[in-house]
Amino acid sequence: MDGNGRWAKKRLLPRAAGHKEGVSSLKVVLKACAEFGVKYLTVYAFSTENWGRPKDEVDFLMNLFALSIDREIDELVKSGVRLQFLGRIHQFSPQLQTKMSESMEKTKAGDRITLNVMVNYGGRAELVDAVNEIAERRTPNAEHRIDEKEIQAHLYTRGMPDPDLLIRTASEMRVSNFLLWQIAYAEIYVTPALWPDFRREQLIEAIEAYQKRERRFGKVL
Ligand code: IPE
Ligand code: MG
């Protein structure tokens with residue numbers, strides 16, 4: 001969800017204002033996705049690299065996560081959203097961890113759409129965590145080779161389908177350590193829209209662009 005800082009700068013506002021407005025975009029996009037029958041929406045909210053930002057910005061984001069959970073939880077439950085926070089959650093404050101687990105518990109029966117909010121997430125970190133989990137659970141004499149299915153089964157996104165469409169806002173042409181394994185065959189759509197400006201109309205444009213793509217998965221059709 002890139003471009004919050006630029007959105008704020010354009011308006012001579014503090015970066016925090018961009019992050020706040022970004023939450024509104026997420027609400028709009030989530031609602032539209034649910035309406036369009038999208039079953040999984042995965043957003044990149046905080047990367048393992050984002051800890052390197054100024055302390056007041058990091059603190060603001062942590063508070064924004066907590067506040068947004070409090071504000072939105074009832075509505076999420078009501079609208080059948082299953083909310084998941086995925087990433088190295090154990091590095092957050094105990095209070096935020098509790099809030100995140102409680103919100104996941106409260107929404108776990110949601111069957112309209114799954115919203116994965118990736119926090120303290122890195123694609124490489126996820127693969128490292130998956131490999132370690134496999135190694136820890138391996139019996140001493142196990143000789144079988146680890147295969148793709150086994151790695152997939154230990155990712156944070158285990159049990160979920162790979163994304164069909166990857167949307168990059170704010171004109172960035174990088175993957176930035178997002179879902180490295182899962183996006184192997186994802187269609188990439190880059191838009192100049194800054195995340196706080198990315199709303200229903202921009203989502204429809206992205207989906208329409210996606211519908212024009214020819215997906216071959218490495219084969220000749
Ligand atoms: C949001 O956008 C990303 C988060 C970590 C929440 P940015 O803060 O990266 O915005 P730009 O890139 O400065 O515009
Ligand atoms: Mg950025």
Side-chain angles (χ1 to χ4, degrees), residues 1-33 40-73 76 81 83-93 95-97 99-100 103-104 114-126 156-157 163 165-180 182-183 186 188-203 205-206:
M1 297 185 282
D2 218 336
N4 296 350
R6 277 162 276 181
W7 183 92
K9 197 173 174 195
K10 264 181 30 190
R11 290 166 176 75
L12 306 175
L13 293 169
R15 295 175 57 78
H19 296 315
K20 239 180 99 191
E21 193 62 23
V23 178
S24 303
S25 284
L26 181 53
K27 285 166 63 178
V28 170
V29 168
L30 173 65
K31 202 165 164 228
C33 282
Y40 296 88
L41 173 64
T42 302
V43 296
Y44 205 177
F46 194 84
S47 74
T48 48
E49 288 73 36
N50 286 151
W51 294 110
R53 293 192 176 199
K55 187 177 178 303
D56 60 342
E57 185 172 351
V58 172
D59 289 347
F60 180 86
L61 287 168
M62 296 301 138
N63 285 326
L64 187 62
F65 295 151
L67 193 77
S68 304
I69 294 173
D70 286 345
R71 281 198 185 140
E72 304 302 329
I73 189 71
L76 293 172
V81 177
L83 174 63
Q84 306 207 94
F85 287 97
L86 305 178
R88 290 184 174 167
I89 307 292
H90 58 274
Q91 285 164 355
F92 288 124
S93 74
Q95 298 91 306
L96 185 54
Q97 283 183 52
K99 219 175 252 305
M100 287 176 171
S103 68
M104 293 195 265
T114 295
L115 171 63
N116 295 319
V117 180
M118 310 313 269
V119 281
N120 196 18
Y121 174 85
R124 288 183 176 178
E126 179 182 33
Y156 307 145
T157 56
L165 172 61
L166 172 70
I167 299 175
R168 273 261 28 185
T169 56
S171 303
E172 301 297 353
M173 301 259 187
R174 300 185 283 275
V175 171
S176 295
N177 206 10
F178 191 54
L179 303 179
L180 295 181
Q182 298 89 331
I183 61 166
I188 302 178
Y189 175 82
V190 178
T191 168
L194 306 174
W195 175 250
D197 292 325
F198 192 95
R199 299 292 162 109
R200 190 185 163 88
E201 186 192 321
Q202 287 74 18
L203 176 69
E205 267 172 39

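Both ligands and their constituent atoms are indexed starting at 1 by order of listing. Keep in mind the model is a prediction, meaning the values are calculated, not measured.
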Side-chain heavy atoms of [X] within contact of [Y], under 4.5 Å:
| X | Y | answer |
| --- | --- | --- |
| Asp2 | Tyr44 | no |
| Phe85 | Phe65 | no |
| Asp197 | Thr169 | no |

For Leu83 and Val117: C-alpha separation, side-chain torsions, deciding distance, then whether side chain to side chain contact (heavy atoms under 4.5 Å, CB included) applies. CA-CA 8 Å; Leu83 174 63; Val117 180; 3.8 Å; yes
Are Asn50 and Leu61 close enough, and set up right, to give a side chain to side chain contact (heavy atoms under 4.5 Å, CB included), and what steps lead you there? CA-CA 10 Å; Asn50 286 151; Leu61 287 168; 5.7 Å; no
Where is the tightest heavy-atom contact between His90 and Gln97, given as atom of each residue plus distance?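 Scanning both residues completely, I find the closest heavy atoms to be O-NE2, 3.1 Å.
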Short side-chain donor-acceptor distance under 3.5 Å, Thr48 and Arg124: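 Not at all, the side chains of Arg124 and Thr48 share no donor-acceptor pair under 3.5 Å.
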Test item: side-chain donor near acceptor, Thr191 and Arg168, under 3.5 Å: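 No - no donor-acceptor pair under 3.5 Å links their side chains.
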Just list the N/O pairs, ligand 1 to protein, that are under 3.5 Å apart, with the distance for each.
residue  : atom   : partner : partner atom : Å
ligand 1 : 2 (O)  : Gly3    : N            : 3.4
ligand 1 : 2 (O)  : Asn4    : N            : 3.3
ligand 1 : 8 (O)  : Arg15   : NH2          : 2.7
ligand 1 : 8 (O)  : Arg53   : NH1          : 2.7
ligand 1 : 9 (O)  : Asp2    : OD1          : 2.9
ligand 1 : 9 (O)  : Arg53   : NH2          : 2.9
ligand 1 : 10 (O) : Gly3    : N            : 3.4
ligand 1 : 10 (O) : Asn4    : N            : 3.2
ligand 1 : 10 (O) : Gly5    : N            : 2.9
ligand 1 : 12 (O) : Asp2    : OD1          : 2.9
ligand 1 : 12 (O) : Arg6    : NH2          : 2.8
ligand 1 : 13 (O) : Arg15   : NH1          : 3.0
ligand 1 : 13 (O) : Arg15   : NH2          : 3.2
ligand 1 : 14 (O) : Gly5    : N            : 3.3
ligand 1 : 14 (O) : Arg6    : N            : 2.8
ligand 1 : 14 (O) : Arg6    : NE           : 2.7

For the Mg ion (ligand 2), every protein N/O/S atom that sits closer than 2.8 Å, waters excluded: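 Sorted hits: Asp2 OD1.
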For side chain to side chain contact (heavy atoms under 4.5 Å, CB included), just list the numbers for Tyr189 and Glu205, CA-CA rounded to whole Å, side-chain angles, deciding distance to a tenth of an Å, and then say yes or no. CA-CA 10 Å; Tyr189 175 82; Glu205 267 172 39; 3.9 Å; yes
